[in-house]
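In this text, all values refer to a predicted model and were calculated from it rather than measured experimentally. The residues of the chain are indexed from 1 along the displayed sequence. What you see below is based on every heavy atom in this structure, not just the backbone, and it leaves out hydrogens, waters and symmetry mates.
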Amino acid sequence: MSNKSLNQSTITYTRGNQLPELMRTRILILDGAMGTMIQQYKLTEQDFRGSLPALFNHPIDVKGNNELLSMTKPEVIRGIHEQFLVAGADIIETNTFGATTIAQEDYRLAHLAREMNLASAKIARDVCHQFSTPDKPRFVAGALGPTPKTASISPDVNDPGARNVDFEALRQAYYEQVEALYEGGVDLLLVETIFDTLNAKAALFAIDEFFENNNVKLPLMISGTVTDASGRILSGQTVEAFWNSLRHAKPMTFGLNCALGAALMKPYITELSKICDTAISCYPNAGLPNPMSDTGFDETPEITSQLLANFSKEGLVNIVGGCCGTTPAHIAQIAKAVAKFQPRVWQSKWNPYKEVVND
């Protein structure tokens with residue numbers, strides 16, 4: 001990607017510019033759980049390796065490295081996207097939750113991270129192009145996960161000051177990811193499953209840096225994870241503090257996903273709905289984990305959809321979808337259940353498509 005000067009008076013917005021207006025007309029649908037769907041295929045170690053030459057003599061197992069499948073089993077990832085789009089999703093996430101160099105170090109595949117992001121974005125872009133119509137455009141969200149490391153919390157109980165990653169390493173990893181996602185054609189960026197606000201700030205810094213270097217802008221979604229009944233994310237912030245820490249990024253949406261089912265998530269979505277001057281997103285797990293279930297989670301599509309319908313009835317949300325344990329059947333039921341309700345009304349203090357850049 002070539003850098004451009006910032007001596008222009010405005011930023012060029014080329015993608016995702018329909019989203020803010022669409023969210024004012026109806027509740028949009030995000031897809032469901034990529035990981036849950038991949039598990040249904042029961043792929044083997046050889047499936048994950050495919051015929052990629054770089055993996056012929058790779059010394060450790062790569063089974064479970066879902067992001068690698070965009071390169072070795074692209075037909076699987078494409079098929080999952082297609083199922084969610086058929087179910088009614090307006091937005092699908094790229095298969096890049098763990099596609100940073102930091103996360104890929106666990107598999108000794110950090111050198112393939114950029115290619116994973118590019119391949120994932122291109123697959124999602126192509127599928128969305130096939131499914132989009134004038135009446136129902138489809139959008140690709142470039143997914144940026146939290147990484148398995150935390151910049152705020154010590155991994156050693158005997159050394160509170162210890163850290164296994166720093167801000168600069170996170171910034172570099174996220175910049176590479178954003179660059180590849182943009183090149184692959186995503187419409188928006190989704191910083192999701194945030195359990196450490198400092199990690200998220202590194203991602204947001206990298207995103208801003210990329211935008212400035214290339215004189216572009218994409219809509220931004222930010223989604224945190226309340227880890228338990230304390231109402232806090234793992235690094236200790238309440239949802240109000242979490243919002244105040246990241247509102248400077250001027251996201252298109254702000255919300256929560258993962259860790260909890262919709263019933264337990266509702267108080268925190270209600271709180272965000274009262275304080276955020278952005279649209280609100282919510283994509284919960286299908287209840288709590290249950291190893292005896294086919295998907296690993298308790299809730300049926302009917303239960304999850306009814307809970308999110310209640311959110312919609314109360315005017316709390318603008319985008320809904322599913323996280324762990326949610327399938328195309330969940331998304332189809334959610335889309336049907338919320339269709340009769342109006343989206344949350346919000347008064348944004350920022351118009352993301354007319355921002356003036358100071359020379």
Supply the atom-to-atom distance [X] [atom1] to [Y] [atom2], rounded to the nearest 0.5 angstrom.
{"X": "L288", "Y": "E299", "atom1": "CG", "atom2": "CD", "value": "8.0 Å"}
{"X": "L30", "Y": "E192", "atom1": "CG", "atom2": "CD", "value": "8.0 Å"}
{"X": "D228", "Y": "L234", "atom1": "CG", "atom2": "CG", "value": "8.5 Å"}
{"X": "T253", "Y": "L220", "atom1": "OG1", "atom2": "CG", "value": "7.5 Å"}
{"X": "Q39", "Y": "C324", "atom1": "CD", "atom2": "SG", "value": "9.0 Å"}
{"X": "L260", "Y": "K266", "atom1": "CG", "atom2": "NZ", "value": "14.5 Å"}

Backbone N or O of [Y] within a donor-acceptor pair of the [X] side chain at under 3.5 Å?
{"X": "D196", "Y": "S235", "answer": "no"}
{"X": "Q46", "Y": "G50", "answer": "yes"}
{"X": "T147", "Y": "A103", "answer": "no"}
{"X": "E67", "Y": "G98", "answer": "yes"}
{"X": "R24", "Y": "W346", "answer": "yes"}
{"X": "H81", "Y": "R78", "answer": "no"}
{"X": "R108", "Y": "P59", "answer": "no"}
{"X": "R232", "Y": "A229", "answer": "no"}
{"X": "R15", "Y": "Y182", "answer": "yes"}
{"X": "N285", "Y": "C323", "answer": "no"}

Same hydrophobic cluster for [X] and [Y], using side-chain heavy-atom links shorter than 4.5 Å among ILVMFWY?
{"X": "F195", "Y": "I153", "value": "yes"}
{"X": "L198", "Y": "V191", "value": "no"}
{"X": "L69", "Y": "F84", "value": "yes"}
{"X": "I38", "Y": "F97", "value": "no"}
{"X": "I331", "Y": "F297", "value": "no"}

| Which of parallel (below 30°), tilted (30 to 60°) and perpendicular (above 60°) describes F242 and F254? | tilted
State, yes or no, whether a side-chain contact exists between [X] and [Y] at a heavy-atom distance under 4.5 Å.
{"X": "L190", "Y": "E93", "answer": "yes"}
{"X": "I194", "Y": "P146", "answer": "no"}
{"X": "D208", "Y": "L204", "answer": "no"}
{"X": "V86", "Y": "F131", "answer": "yes"}
{"X": "W243", "Y": "T278", "answer": "yes"}
{"X": "S152", "Y": "Q237", "answer": "no"}
{"X": "P148", "Y": "E105", "answer": "no"}
{"X": "I207", "Y": "L144", "answer": "yes"}

What closest approach, in Å, do [X] and [Y] show between heavy atoms, and which atom pair accounts for it?
{"X": "A151", "Y": "L170", "value": "CB-CD1, 3.9 Å"}
{"X": "G185", "Y": "A121", "value": "N-CB, 4.5 Å"}
{"X": "I269", "Y": "S281", "value": "CD1-O, 3.8 Å"}
{"X": "R138", "Y": "C128", "value": "CB-SG, 3.7 Å"}
{"X": "D187", "Y": "R125", "value": "OD2-NH1, 2.8 Å"}
{"X": "L43", "Y": "K63", "value": "O-CE, 3.2 Å"}

Kindly check if the number of other-residue, nucleotide or ligand heavy atoms within 6.0 Å of [atom1] ([X]) is above 12?
{"X": "K136", "atom1": "NZ", "result": "yes"}
{"X": "H129", "atom1": "NE2", "result": "no"}
{"X": "K122", "atom1": "NZ", "result": "no"}
{"X": "N290", "atom1": "CG", "result": "yes"}

| Worked verdict on L308 versus Y283 for side chain to side chain contact (heavy atoms under 4.5 Å, CB included) | CA-CA 9 Å; L308 287 176; Y283 51 114; over 6 Å; no
| task | Go through the steps to decide whether D90 and I319 satisfy the test side chain to side chain contact (heavy atoms under 4.5 Å, CB included), and finish with yes or no. | result | CA-CA 9 Å; D90 298 290; I319 295 180; over 6 Å; no
Distance-only donor-acceptor check, side chains [X] and [Y], under 3.5 Å:
{"X": "D47", "Y": "T72", "value": "no"}
{"X": "Q172", "Y": "E168", "value": "yes"}
{"X": "S120", "Y": "S70", "value": "yes"}
{"X": "E179", "Y": "N117", "value": "no"}

| message | Which residue in the set Q177, E183, E176 passes side chain to side chain donor-acceptor pair (under 3.5 Å) when paired with R114? | response | E183
| Taking it one step at a time, do L188 and M221 satisfy side chain to side chain contact (heavy atoms under 4.5 Å, CB included)? | CA-CA 8 Å; L188 64 149; M221 295 178 67; 3.4 Å; yes
| said: Working note: Q130 + D126, criterion side chain to side chain donor-acceptor pair (under 3.5 Å); need CA distance, chi angles, decisive distance, verdict. | reply: CA-CA 6 Å; Q130 292 179 20; D126 185 53; 3.2 Å; yes
| field | Candidate pair V320 and F311, rule side chain to side chain contact (heavy atoms under 4.5 Å, CB included), full reasoning | value | CA-CA 9 Å; V320 294; F311 285 35; 5.7 Å; no
| Residues two or more places apart in sequence or in another chain: which of them pass side chain to side chain contact (heavy atoms under 4.5 Å, CB included) with L22? |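 Only Q18, T25, L28, P137, F139 meet the side chain to side chain contact (heavy atoms under 4.5 Å, CB included) criterion with L22.
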| query | Of all residues at least two apart in sequence or in a different chain, which pass the side chain to side chain contact (heavy atoms under 4.5 Å, CB included) check with E240? | reply |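 Applying side chain to side chain contact (heavy atoms under 4.5 Å, CB included) to E240 gives T238, N244, E271, I275.
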